[in-house]
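Here's the structure, in structure tokens; my notes come after.
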Amino acid sequence: MQKGDHLFLVDGSAYIFRAYHALPPLTRKSDGLPIGAVSGFCNMLWKLVEESRETSVGVAPTHFAVIFDHSSTTFRNALYDQYKANRQAPPEDLVPQFAVIREAVRAFDLPCVEKQGFEADDLIATYTRLAVEAGGDVTIVSSDKDLMQLVGPGVILYDQMKDKRLGPQEVFEKFGVYPEKMIDLQALVGDSSDNVPGVPGIGPKTAADLLGAYGTLENLLENAGEIKQAKRRESILAHAEQARLSKRLVTLDQHTPLEVGLDDLFIHEPDGEKLVAFLKAMEFTSLTRRVTAKLGTDASAVEAAQVDVTAPARGPDLDPGGTPGGEKTGSHLAMTPAAHAAERLQAEAATPVDRSTYETVRDEARLEHWIARARETGVVAFDVETTSLDAMRADLVGLSLAVAPGEAAYVPIAHVGEGGGDLLSDEAAREGVGAQIPLGTVLDLLKPLLEDPAILKVAQNAKYDYLVMRRHGVETAPLDDTMLISYVLDASSSLEGHGMDELSERFLGHKPISFKELCGSGRTLKPIAAVAIERVSEYAAEDADVTLRLWRVLKPRLAAEGLAHVYERLERPLVPVLARMEERGIRTDRQILSRLSGRFAQKAAGLEADIHILAGEPFNVGSPKQLGEILFGKLGLPGGKKTKTGQWATDARLLEDLAAEGHDLPRRIVDWRQLTKLKGTYTDALPTYMDAEDRIHTSYSMASTTTGRLSSSEPNLQNIPVRTEEGRAIRTAFVAPAGHKLLSADYSQIELRLLAHMAEIPQLTEAFRQGIDIHAMTASEMFGVPVEGMPSDVRRRAKAINFGIVYGISAFGLAAQLSIPREEAGAYIKRYFERFPGIRDYMDRVKLFCRRTGHVETLFGRRAHYPDIGSSNPQVRAAVERAAINAPIQGSAADIIRRAMVRMEEALAAERLSARMLLQVHDELVFEVPDDEVEATIPVVRRVMERAADPVVELAVPLVVDARAAANWDEAH
DNA sequence: TACAGATCTTA
DNA sequence: GTAAGATCTGTAC
């Protein structure tokens, strides 16, 4: 929160009573649930959100919260036991609506705040103070006079019913005192509805007069003897202490401990589908119509949500809270998400993991028992044990299940004797390990459970388990992934990763058996199938148990921290999409790679011989250490620099500079390195990944970058060469099979476009709208050179600066990139910021936000945490700041292509196209398309990609996608 | 055998 | 100047 921000605080409890009384009583839904107040509440909230957005109410909110009362007992009861003692119980038909209204607020994707032991007014007072201190403005949506004491500079009260705004002047007109005197006035007048006594015989008018004359309550009480009117004087003298007590009762607590921070109230677009699902469930047809019209959600495509207030469960895929048959968790519906999450963490951390209770399932009856238990709880954590870390090559060895914390089992399937079984027949190998249910039977029994839409399956790194099960004919769904939940919550460069062992130690305080402890490593590595079943059972069941416990701790945090949208829209649905891409793989031409390897080897050998002659002795060219000795020691070449570790630096840029000075040796070393790199990393290595159909299956990691990008490994298909001609030759080996083409579609300048949008730079936005060459435009702005006939070097420099901006530019880095003095680079940057001052403002805003909150956010709300942003080491801090500046840009682009990928399969299917997505390379998607569908596919792919930000973010710049199809990746790209 | 550092590939 | 992963070398264990 900062200057210019605007916080809206809705007094939810007052809202409820107004909605209830404003509507005809006994409005009921078809199933009999009374929903009059819910309806009124939703209408008012929608109207408020919509109107405030259109700024007719005043300034549009940047932060928003709905605040509720949480309990009847507060610190005021300790002061005065009669406080609110004569409050009447709420009407009977209103009671069940309270929980539904909290659901409504969540459906609107608005933060819903309440705290045990505190009144809504105190929370409102605290948020108001914090917002004002941060320099922001506040609109309190309420007409309660108790809140008038908060009105002041930047703080107003808004009465939605009357459409009236109350500032200090309006308060004075109404009560005869300015807001800062409201507390004293209330102390004198009292409040019969809250049982605040006040001073008998003193009403608002008298109180205002007295305060006008005496200034403050305390001054009045001290000098009450001077009051002329006898009755008034005696009453005040007699009730002075009562007035002081009343003052304490009506004074709002501006220092309530908060569980939801001010910055967590940052507003974002409502999730149309979630909201419509709720409204449909409530049968609010006219509001549904208005909402869909506004948000562009297709109501017919959305199913009504399950909102059931009679049972604590809300359906397993929405909430890991009350599961039917699970232990009592309290009526969490009445809790804030944050309180719920905190309670969960405490509960799980307090329950130790006990491996001795796990069961090894060796017959069908017991397996059926576990399946039945899973059906009772509605949630099951599972984990597959296999022969390989590579999901595409892995065979099932066993499988574990957990249905409740501490209630877990392992189902051995393909364990063999201690010898390993390599030389034995299956049957002989399985001797002596005890009974195991045959694989086919296990699958037959588990398939209905794993595919049951009503049973939530939880896994750690679910893509792996999903893929293994899919290869065994099981389409696991719905699926939650603890690794991805952790990633969404805590993506950070300095925090460790999201592996299960790590998460378990962090959140449960428990260290699970590691794979290494179970199977050894290196020379001692033993196939898991050959490890004693009882030991594997403990290990595997523990993994499922821990996964379930982690899920119970982490899942509620998503809602509490406003990250449910990121998880539900950008992570969860991508799991099966990526799994299928990995499963398909891409066809590769072994011959092309082999020919290239030969050519590279020959050329490298020739260069190596030359190098040895020029060096005067044979040495290992691949050793930078030996090379440095030769170049800068023996031959005494100039320009020797040291690396961090004191070795001679021999990187390509340095060698290029030497070559430019006319030295033969460095040139050849650069060439040799390129060839051996291409050979070693690509042409030699790629064939080892090919399967029987000559296809290569990469593995995507969804949780290993701080920004939200994917990464690819084994092999990495996101760094296949493209810049040099020899490198590009490798791309010709990635081919489409007979009758097909490869289609490559990539976003043009997506990061710069997003920068233009996010920083709101008019020149850049306009240039993108008109389709102007952005680097030439930048050069023209900076150097005053007309775009027509611009020298290529001028454009090149501008291009480097544009890239630099996205990377959080430094003079040092730009100087290195352009091989110019640092002073010159610094001058460029200065000039750039003069021409585009909005960029500097934007960067400052991002840094400030990060400093305040410890994180930055993408357009879609994904967070990247930078705990070291406040480092006292200027170099560290500058590096973190650059990362923090880059993350929202890189991350928003990553979010956009994720959205495109999630929507792509359905869009293609809807057009009856059989194109298959194979690869993602950050801003590019590669498809395999039948020859005769290429023409029809291109517009569909482009449309999905170009509209991927809709409807959550309306970009000020167009997204442009270039798409081309060809027989191989090089020609398509 | 395991790990860190240097180097090079991509967006 | 951002974000990744793979390979090779050299050294520590």
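Only this structure's heavy atoms are used, side chains among them; waters, hydrogens and symmetry mates stay out. All of these numbers come straight from a predicted model, not from anything done at the bench. Residue numbers begin at 1 in each chain, while the letters A, B, ... track the order of the sequences.
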- Item | Enclosure of Lys516(A) NZ (heavy-atom neighbours >12, cutoff 6.0 Å) | no
> Any side-chain donor paired with an acceptor under 3.5 Å for Arg595(A) and Thr683(A)?
Replying inline: no
The correct set of residues in residues 918-927 of chain A placing a heavy atom under 4.0 Å from DNA chain B is Val921(A), His922(A), Asp923(A)
When rounded to whole Å, the CZ to C1' distance for the pair Phe619(A) and dT9(C) reads 14 Å
Quick one: is dA4(C) close enough that its OP1 or OP2 comes under 4.0 Å of any side-chain N or O from Ser701(A)? no
Contacts of Ala883(A) meeting side-chain contact (heavy atoms from CB on, under 4.5 Å) (sequence neighbours excluded), chain-then-number -> Tyr866(A)
Identify the pairs formed between an N or O of the protein and an N or O of nucleotides 10-12 of chain C at a distance under 3.5 Å, and give each distance.
unit_1	atom_1	unit_2	atom_2	d
dG10(C)	OP1	Ser623(A)	OG	2.2
dG10(C)	OP1	Gln626(A)	NE2	3.3

Sorted by chain and number, sequence neighbours left out, side-chain contact (heavy atoms from CB on, under 4.5 Å) with Ala948(A) holds for Tyr747(A), Ile896(A), Arg899(A), Ala900(A)
What residues 801-808 of chain A contributes to the DNA chain C interface at heavy-atom separation below 4.0 Å is Gly804(A), Tyr807(A)
Looking only at dA6(B), dA3(C), dA11(B), the nucleotide nearest the His973(A) side chain is dA11(B)
Contacts of Asp390(A) meeting salt bridge (Lys or Arg N to Asp or Glu O under 4.0 Å) (sequence neighbours excluded), chain-then-number -> Arg393(A)
Hits for salt bridge (Lys or Arg N to Asp or Glu O under 4.0 Å) against Arg695(A), two or more places apart or cross-chain, chain-then-number order -> Glu928(A)
inquiry  = Measuring centre to centre across the rings, with the benzene-like ring taken for any Trp, is His855(A) within less than 6.0 Å of Phe849(A)?
reply    = yes
Between CD of Gln647(A) and P of dA4(B) the distance, given in whole Å, is 17 Å
Original post:
Using a cut-off of less than 4.0 Å, is there contact between a side-chain N or O of Arg882(A) and OP1 or OP2 of dT2(C)?
Top reply: yes
Thr706(A) vs dA4(C): side-chain N/O to OP1/OP2 distance below 4.0 Å
yes
With the side chain defined as heavy atoms from C-beta on, Thr705(A) is closest, among dG1(C), dA3(C), dC8(B), to dA3(C)
Check: Would the Phe836(A) and Tyr842(A) ring centres measure less than 6.0 Å apart?
Finding: no
Applying ring-ring contact (aromatic ring centres under 6.0 Å, His included) to Tyr487(A) and not counting sequence neighbours gives His498(A)
With a cut-off of less than 4.0 Å, is there a side-chain N or O of Ser713(A) near OP1 or OP2 of dG5(C)? no
- Query: Do Glu617(A) and Lys634(A) meet the salt-bridge criterion of a basic N to acidic O distance under 4.0 Å?
  - Reply: yes
(request) State yes or no: are the ring centers of His612(A) and Phe619(A) separated by less than 6.0 Å? (result) yes
When rounded to whole Å, the CH2 to C1' distance for the pair Trp648(A) and dT7(B) reads 19 Å
Residues in residues 600-612 of chain A with a heavy atom under 4.0 Å of DNA chain C, by number, are none
Winner on side-chain proximity to Phe812(A), out of dA6(B), dA6(C), dG1(C), is dG1(C)
Those residues at least two apart in sequence (or on a different chain) that pass side-chain contact (heavy atoms from CB on, under 4.5 Å) with Glu656(A) are Arg667(A), Val670(A)
In numerical order, the residues of residues 817-844 of chain A whose heavy atoms come under 4.0 Å of DNA chain C are Gln817(A)
Within residues 716-735 of chain A, the residues having a heavy atom closer than 4.0 Å to DNA chain C are Asn716(A), Asn719(A)
Strictly below 4.0 Å: does Ser711(A) bring a side-chain N or O up to OP1 or OP2 of dG5(C)? yes
